[in-house]
J.: 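Handing you a structure now.
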There are 2 protein chains.
Amino acid sequence: MNGTDIVLDKTDLSILRLMQENARMTNADLARELEMAPSAVLERVKKLEQKQVIVKYTTRISPVALGQTLLAFIAMKSSEGMGSNNTAKELAKIPEVQEVHHIAGDDCYMVKVRTADSASLMELMRNKFSKIQNITSTRTTIVLETVKEEQQLVIPEK
Amino acid sequence: MNGTDIVLDKTDLSILRLMQENARMTNADLARELEMAPSAVLERVKKLEQKQVIVKYTTRISPVALGQTLLAFIAMKSSEGMGSNNTAKELAKIPEVQEVHHIAGDDCYMVKVRTADSASLMELMRNKFSKIQNITSTRTTIVLETVKEEQQLVIPEK
DNA sequence: AGATAATTTCGAATTTTATTCGGAGTTGAT
DNA sequence: ATCAACTCCGAATAAAATTCGAAATTATCT
């Protein structure tokens, strides 16, 4: 048992389940749902934030409404030694890069990028990726249609 | 110009930028930030919700805190004809499946899955994926380390 | 088990925010 | 310039957030 262990009881999980579904749910509504006093619920929420169980409250915005219609996955090989992830950190700094994963197997990184169109993707690759050391190859896969895209966790009952 | 076109002005974009960063920001704080009356801001937010520019308010929860430490990408081939995406829809129904994209190239789908561990992934594949018609092959890539994972959009100034 | 400590919950009081709506002000099209 | 549509404001009211002392519950130690 290490000291950073986090214990979540049934009530915490219910809070997380409700908040994951609607981050703007009022504390009062939460309390009603859980049949608890608002003050008690508030305290739990604050603790979940402090413990970093709750990472962030975010608004999902329609990419289409903002004209960001191109999504791509880029499998990348890097020549940097294992153990270092500077390449990944550099990639992570680029706002259009939504995800950077170090993956098992041949390709070192799986990168997810969202831009306005293929032209802006090209521009991004030319202006940003090209500046990053150690990238030896990239294989870009364009998304034609997204059927599901969320990161809702499966929260156990208990 | 089709009727479903959405016009977003500078103020809307500011609202989206602030709300994307913190979905629980109060309307009062939003109004202060934008130097507008709360009532005016509220009206804009409601409209952004109605127009589906704002898709959802969600809470990002630490997967580690919930013991969901395995992330994998699965490239899948399907024998279903183009134009149909029933396979994708079936995949989308599975809660552990966070993303389903129809991609260009050889593999038909790119699927992102999050589970507790490799055992639960195996279980998922045996119990759920195997029931879905038309999946002819899968190639699973395990994520060793996630350096960045978000879906914050790049919101233009104007 | 019993005592003690730590944590959690409650409830009431206060501050802050959300929401409503009539009317003024703007913008844009004709 | 006129009209319509939209946006904003401000004040009033309803609702929610926050605080905090005390009670209740739970965990720990002997």
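Labels below follow one simple rule: chain letters A, B, ... track the order of the sequence lines, proteins then strands, and each chain is numbered from 1. These values consider heavy atoms only, across backbone and side chains, with no hydrogens, waters or symmetry-generated copies.
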J.: Atom CD1 of A:Ile6 to atom P of C:dT7: distance rounded to whole Å?
T.: 16 Å

J.: Given atom CD of A:Glu35 and atom C1' of C:dT9, what is their separation to the nearest angstrom?
T.: 15 Å

J.: Within the structure, does a side-chain N or O atom of B:Lys47 lie under 4.0 Å from either OP1 or OP2 of D:dT7?
T.: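 Yes.
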
J.: Supply the atom-to-atom distance A:Leu144 CG to B:Asn85 CG, rounded to the nearest 0.5 angstrom.
T.: 12.0 Å

J.: Could you tell me the separation between the OG atom of A:Ser14 and the CZ atom of A:Arg44, rounded to the nearest 0.5 Å?
T.: 9.0 Å

J.: What is the distance, to the nearest angstrom, from the CG atom on A:Asp9 to the C1' atom on C:dT9?
T.: 13 Å

J.: In whole angstrom, what separates B:Leu30's CG from C:dT19's C1'?
T.: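 Spelled out: CG on B:Leu30 to C1' on C:dT19 is 15 Å.
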
J.: What is the distance, rounded to the nearest whole Å, between atom CG of A:Asn22 and atom P of D:dA16?
T.: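 Interatomic distance, CG of A:Asn22 to P of D:dA16: 14 Å.
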
J.: Select one nucleotide: of D:dC8, D:dA17, C:dC10, the one nearest the side-chain heavy atoms of B:Met36.
T.: D:dC8

J.: Among the candidates D:dT19, C:dT19, C:dG11, find the nucleotide nearest to the side-chain atoms of A:Leu42.
T.: D:dT19

J.: What's the closest nucleotide to the side chain of A:Lys46 if the choices are D:dT18, C:dG11, D:dA17?
T.: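 When the side chain of A:Lys46 is considered, D:dT18 is the closest of D:dT18, C:dG11, D:dA17.
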
J.: Starting at the 5' end of DNA chain D and moving along, which residue's nearest nucleotide shows up first, A:Arg32 or A:Glu43?
T.: A:Arg32

J.: Could you go through B:His102 and B:Tyr109, starting from their C-alpha distance and side-chain angles, then the distance that decides it, and tell me whether this counts as ring pair (Phe, Tyr, Trp, His ring centres under 6.0 Å)?
T.: CA-CA 5 Å; B:His102 189 174; B:Tyr109 295 115; 5.3 Å; yes

J.: For C:dT7 and A:Arg44 - does any side-chain N or O of the residue sit under 4.0 Å from the phosphate oxygens OP1/OP2?
T.: no

J.: Between B:Pro38 and A:Asn27, which residue's closest nucleotide on DNA chain D lies nearer the 5′ terminus?
T.: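 In this pair, the answer is B:Pro38.
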
J.: Does the salt bridge (Lys or Arg N to Asp or Glu O under 4.0 Å) test come out yes or no for A:Glu149 and A:Arg114, once each step is laid out?
T.: CA-CA 13 Å; A:Glu149 184 179 28; A:Arg114 193 184 290 276; 2.8 Å; yes

J.: Starting at CZ of B:Arg24 and ending at P of C:dA18, how long is that distance when rounded to a whole Å?
T.: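 Whole-Å distance recorded here is 11 Å.
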
J.: From CG of B:Asp29 over to P of C:dT16, roughly how many Å is that when rounded to an integer?
T.: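 In whole Å, C:dT16 P lies 12 Å from B:Asp29 CG.
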
J.: Taking the side chain of A:Ser39 as heavy atoms from C-beta outward, which of D:dT18, D:dA16, C:dG11 is closest to it?
T.: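 Looking only at heavy atoms from C-beta outward on A:Ser39, the closest nucleotide is C:dG11.
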
J.: Hey, are B:Glu90 and B:Lys93 close enough for a salt bridge, meaning a charged N less than 4.0 Å from a carboxylate O?
T.: yes

